[in-house]
Amino acid sequence: MDPSRVAHWQEAWAGAGLARGRRVPGHRKFYALVAYPGSSGFLHVGHLRGYAYADPLHRYHRMLGEEVLLPFGVHASGLPAVTWSRRFVDGDPALLEGLAERGVDAAARARLGDPEEAARFLGREYLRVFRRFGALVDESTFLTTVDEDYRAFIRWQFHALQAAGALVKASYFSSVCPVCGPVAVDASETDLQSGGDAEIVRFTTVPFRLDDGRTLLAATLRPETVFGVTNLWVAPGATLVVWHHDSGTYLVARSGAERLVEQHGGRIGHEVLASDLRNHAVTTPFLGRKVPILENTLVEPSLGTGVVMSVPAHAPADAAALAGLTAEDRDRLGTPPLLIEIDSQAALTSSEEELRAGEGLPAERALRAVAGGGPLDATTIETATERLYRLEFVRGRMTVPPFAGTPVKQAREQVAAQLLAAGASFELQEFTKPVICRNGHTVVIRRIPEQWFLHYSDPAWKAETQELVSRITTWPADYGRELPSILDWFGDRPCTRRGVWLGTRFPIDPEWIIEPIADSTFYMAYFVVRRFVHDGRLRAEDLTDEFFEYVFRGRGEGERRVDRTLQDEVRAEFLYWYPLDFNIGGKEHKRVHFPVFLYTHTRLLPAELQPRGIYVHGWITGPAGQKISKKEGAGKGGKIPATDRAMEQWGPDPLRLYYVVAASPSQDFEFDASAVDAAQIRLSDIERLVREAGGSGNGPPELDAWLDSVTHGWIHRAREAFDGTDLRHAAEIIYVEVPSLLRRYYNRGGTPGAASGRLARAWTLFLSPITPHLAEELGEGHFPGLVAQSLLPTVDEFHRSRTAEARESFLDQVEADLRAVLRASEGRGEPTSGELIFYVAEPWKATLESWLREGVDRNELPTVRDIMTRSKDHPELSAHRAEIPKYVERVGGLLRSEPVPEGPAVDEVATLRAAEGYLIRRFGFRSVAVYRESEAQPHDPKGRRERARPGRPAFFLVGRSTPATLAAAG
RNA sequence: GCCGGGGUAGCCGAGUGGCCAAAGGCGGCAGACUCAAGAUCUGCUCUCGCAGGAGUACCCAGGUUCAAAUCCUGGCCCCGGCACCA
């Protein structure tokens, strides 16, 4: 189609007010949305995927005569808009180029230094892109989460949650930049310069008392090995510091002390040289043994506390370090105690067995297994450690009292708990690598003493949400099975932050700003209200708690200042659109957004207003499956085109079809321009087929009947697919199957006429949900209004003829058989033309096959003897007694793997005769003759007629090489 | 480790007990059209086959079944999430 027509149709839809959701009492409605995007940069084609599902679904429902609403907003909360705005101010070249491409003028640019304005700008930009993609978004819903009315809504939401007991206060560990405030440490590095992939490790610190009352704190991930400590390690020449906490005096390395202060308070005192401790001994917890403090180059003072427990029996690094000790020191250690043994019953993998081979301490054996006779370098030690830790953690049991027999997994927790309970032990969290914030500061983990949480661990709330999960529909269904375990793990989440974020001030304590995830859990309800604000019928100051309590929950009298009937109207509107039919979002939402969305709804609304469905889609990735982000994706020359470039190159319809068909919705897929090309070609092919299909004449009646009948079939299946939100399957029917049906109609001798015109009309309508522009173009002049606002055809408009379908299936089978024979001979370079003679099976064979089929269904093939006996009562069979045994032998085994025949019997002779011309055209035969088996003898030099089966006529290709003639020629 | 999902033809990717030698796309081959290229259309694209068939095949090894890509057991390998991240 002419690309310039795209804008024309988009204007036509706008002009008809199609996108505007209307409440029509008595009409069914469909309300679904795409989880709103964050305002972090320009979109690339990957971001269109959600709308590639949402818009077709809405269009489908609209064409069922339902009222539909597809809202749009932008999630401006948090840091992304702040960062983007700062990048603008800093003159980021890619960003400026993006602005230039979009023709953003100086006046508009002047506002972008304000993060809130930047968020609004990006929101309008996204809206423009989605509109250009053909999505019918109701723009009266458009909002950002930093609009005043939205903030009023969020304030109500938090008051309501508090009243419902959903907010609690507790202390909390958070990643914080000491200068800029809290940051999110995650791979997207939205808030960070580097270190987004850092993980948090939780050390247990184990206290070892010196005789003078001071305590060394060793940091460990394996507190259960405290029973096997032979000594402590510190770095050679290390300097420790004193950490004063409550009444305790602890010795640790400086960076560890700094972390302890962040996480547990206290203060750092004077320095202590580790060499001064050289001749001291410390007392181990639990056992009270005296062990020495030794130096070891493997100790990294910046990790943990810089003090390490040595457990030579189970830690390869410690075992390896023994070799470096003087004989005198080694004597002081004594024999390393064994604490853990591997369950002898456990079935070990070969790699696990390998670790245990040989003699000596477990750590020594592991070292030998990994080193294989080679040197004990750092990598070897690390690998041995990793493998032994895993083995003992999974399969090991403690051998020392009081934990003898306890699995290591449990012992670890119990030891840590007992140490903590005894005091003088602390949990110490740290990153596995340095994390640097956007402004270049090192991010730390800090304890925040008074933090507000959403109390998602509340058993009653969780149970209610689980109950909701059991009722909702998810796509893919796997996600529904996964959700209960996600909720199981779901704990309290902090819902406020401090820092330079965008968001809404926490109404209970305005010092805080509500955290971005927490302010985007219930906005689906607010979109309905937003339309009234947009239309000027409500003002932000009207939106009080009383107002929302009434509108969303029917409680109280509402807000006095707002007109009563207006308030009732808003309430009615809310009750009309709710419950939400689908929340559509990328798979990144599976573990946070979707769960909290469900949580919030269960707490705020009654059962009948709970969401009905969640639709999860995968990502569009760059080459090699790389996730693409907004900041890198749209760059020049990349494989992932910017949205505008893609729309110019292909237009929206090929992209929309590509998205729907390219992969299952839940799959990620790599953007592939050549596949969009293919979609475009397919669409122009379809356009031609539809345009050529019109006409008034009739084709051969049996073919027209077939075309109507298969149209009945595909309409039924396409509707079913849409109803089940299986857009991909629907698209396969509409864009792959229908054209091939129409082509077959023509191939078989149908001509453009009334029948193909009926199909084309129905087809045009079904093209509309996924490729709406093309559908309008094809429907222009053929429908009273726009195609997009027409009703889809029903199956009743097309008569189903099983006879016609059976006839064509029969012919299909005949063709397949012919092709198989021709293919074999083509390979020998034989000519394909000649005379074709059919021999149609006699009815007695059908009777015989039905008997055999009965046997197959009972899973016991009748014997020839049974058949012969039974045939005595059937004259038409007994006349062929001589042929029966051979036939049974040949066909009996085949039946099992053949489909059960269905549909009415076909008049094979008449059908083949009617298809003579077709077969001549298609295969290039000189002539085609059809005989009943019984009359065929004079025309059957090779005795082929015996092969005839019901539905599978025998045939003979006259004038072809045969073994006999070949032999004669040779 | 825990939870979840996987390993399908040259590639991507459908497919959950028989209609599966396996949709669709890409790539490849042949033919048509064309001065030619491109585009488009048609057919083919595991192996063998002097007749509509046979053999082998959906990570590997076993098993259940009349029948397995599909169910079960074991193994090897891969991916995602694991908590505050929109």
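Just the heavy atoms: all of them, side chains too, but no hydrogens, waters or symmetry mates, feed the values below. Residue numbering restarts at 1 for every chain, and letters A, B, ... go by the order of the sequence lines.
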So what does A:D812 hit on the nucleic acid, given a heavy-atom distance under 4.0 Å: a base, only sugar-phosphate, or nothing? nothing
Got a salt bridge between A:E224 and A:R412, using NZ or NE/NH1/NH2 to carboxylate O under 4.0 Å? yes
Would you mind classifying the nucleic acid contact of A:A816 as base, sugar-phosphate or nothing, using non-hydrogen atoms under 4.0 angstrom? nothing
Let me confirm one number: the CD1-NE2 distance from A:I734 to A:H729, rounded to the nearest 0.5 Å. 10.0 Å
Indicate yes or no: does A:D685 engage A:R743 in a salt bridge with an N to O separation below 4.0 Å. yes
Return the nearest nucleotide to the side chain of A:F956; candidates are B:rG52, B:rA51, B:rG24. B:rA51
Pairing partner of B:rC29, by Watson-Crick or G-U wobble and under 3.5 Å for both distances, is B:rG43
Interatomic distance, A:I445 CD1 vs B:rA83 C1' [rounded to whole Å]: 13 Å
Classify the nucleic acid contact of A:D488 as base, sugar-phosphate or nothing, counting any heavy atom under 4.0 Å across all strands shown. nothing
Quick one: A:N747 CG to B:rG43 P, roughly how many Å, whole number? 8 Å
Send over the distance from A:D726 CG to B:rA14 P, rounded to a whole Å. 12 Å
Regarding A:G491, tell me which of base, sugar-phosphate or nothing describes its non-hydrogen contacts under 4.0 Å with the strands shown. base
Of the listed nucleotides B:rA83, B:rA51, B:rC41, the one nearest the side chain of A:D685: B:rC41
Where each residue is assigned the nucleotide of RNA chain B containing its nearest heavy atom, which of A:S485 and A:E515 is assigned the position nearer the 5′ end? A:S485
Between C1' of B:rA23 and CZ of A:R717, the distance in whole Å: 13 Å
Separation of B:rU42 C1' from A:R819 CZ (nearest whole Å): 12 Å
What is the distance, rounded to the nearest whole Å, between atom CG of A:L683 and atom P of B:rU40? 13 Å
Distance check: side-chain N/O of A:S684 vs OP1/OP2 of B:rA39, anything under 4.0 Å? no
Rounded to whole angstrom, note down the C1' distance from B:rG10 over to B:rG55. 22 Å
Side-chain N or O of A:R743 less than 4.0 angstrom from OP1 or OP2 on B:rU42? yes
Which one, B:rG13, B:rA83, B:rG52, comes nearest to the side chain of A:R728? B:rG13
Need one value for A:E732: base, sugar-phosphate or nothing, where a base atom within 4.0 Å counts as base even if backbone is also close, heavy atoms only. base
Check: A:R947 side chain, B:rG52 base, donor-acceptor under 3.5 Å: yes
Side chain of A:R944 - closest among B:rA51, B:rA39, B:rG25: B:rA51
Is the backbone N or O of A:Y456 less than 3.5 Å from a side-chain atom of A:Y599, with the two atoms forming a donor-acceptor pair by type? yes
Out of B:rA51, B:rC3, B:rG25, which nucleotide sits closest to the side chain of A:R682? B:rG25
If I pick the C1' atom on B:rA61 and the same atom on B:rU47, what distance separates them, to the nearest angstrom? 25 Å
I need the NZ-C1' distance between A:K590 and B:rC82, as an integer number of Å. 13 Å
Whole-Å P distance, B:rC29 and B:rC20: 29 Å
Separation of the P atoms in B:rA14 and B:rU65, to the nearest angstrom: 33 Å
Mind checking who B:rC82 pairs with, Watson-Crick or G-U wobble, both distances under 3.5 Å? B:rG1
Counting any heavy atom closer than 4.0 Å, what does A:S520 reach on the DNA or RNA strands: base, sugar-phosphate only, or nothing? nothing
If you check the A:E482 side chain, which of B:rC85, B:rG4, B:rG25 turns out closest? B:rG4
Salt bridge check, A:K845 against A:E849: does any charged N sit closer than 4.0 Å to a carboxylate O? no
As its Watson-Crick or G-U partner within any shown strand, both distances under 3.5 Å, B:rA69 has none
With a 4.5 Å heavy-atom cut-off, do A:L454 and A:T521 have their side chains touching? no
Please state the P separation for the pair B:rU40 and B:rC46 - nearest whole angstrom. 23 Å
Is A:R49 positioned over the aromatic face of A:Y659, cation under 6.0 angstrom from the ring centre and no more than 45 degrees off axis? no
Base, sugar-phosphate alone, or nothing: which one does A:F955 contact when heavy atoms must sit under 4.0 Å apart? base
Is A:Y36 touching bases, backbone alone, or none of the nucleic acid, heavy atoms closer than 4.0 Å? nothing
Any idea which of B:rG81, B:rC41, B:rA23 is nearest the A:R591 side chain? B:rG81
So, is A:S664 close to the B:rA14 phosphate, meaning a side-chain N or O under 4.0 Å from OP1 or OP2? yes
B:rC44 to B:rG63 separation - P atoms, rounded to the nearest Å: 39 Å
Whole-Å gap separating C1' (B:rG1) and CD (A:E224): 13 Å
When you get a sec, tell me which of B:rA51, B:rG25, B:rG53 is the closest nucleotide to the side chain of A:R952? B:rG53
Nearest-nucleotide check on RNA chain B, A:Q813 vs A:I486; residue mapping nearer the 5' end is A:I486
Run the salt-bridge test on A:R744 and A:D812 with the 4.0 Å N-O cut-off and return the result as yes or no. yes
Please measure how far the P atom in B:rC77 lies from the corresponding atom in B:rA83, and state the result in whole Å. 25 Å
What nucleic acid atoms does A:P484 come within less than 4.0 Å of, heavy atoms only: base, sugar-phosphate, or nothing? nothing
Taking the C1' atom in each of B:rC26 and B:rU70, what is the distance between them to the nearest angstrom? 26 Å
Please name the nucleotide paired to B:rC48 by Watson-Crick or G-U wobble geometry with both distances under 3.5 Å, or report none. B:rG53
Would you mind reporting whether A:P595 and A:H593 have side-chain heavy atoms less than 4.5 Å apart? no
Within less than 4.0 Å of OP1 or OP2 of B:rC82, is there a side-chain N or O belonging to A:R202? no
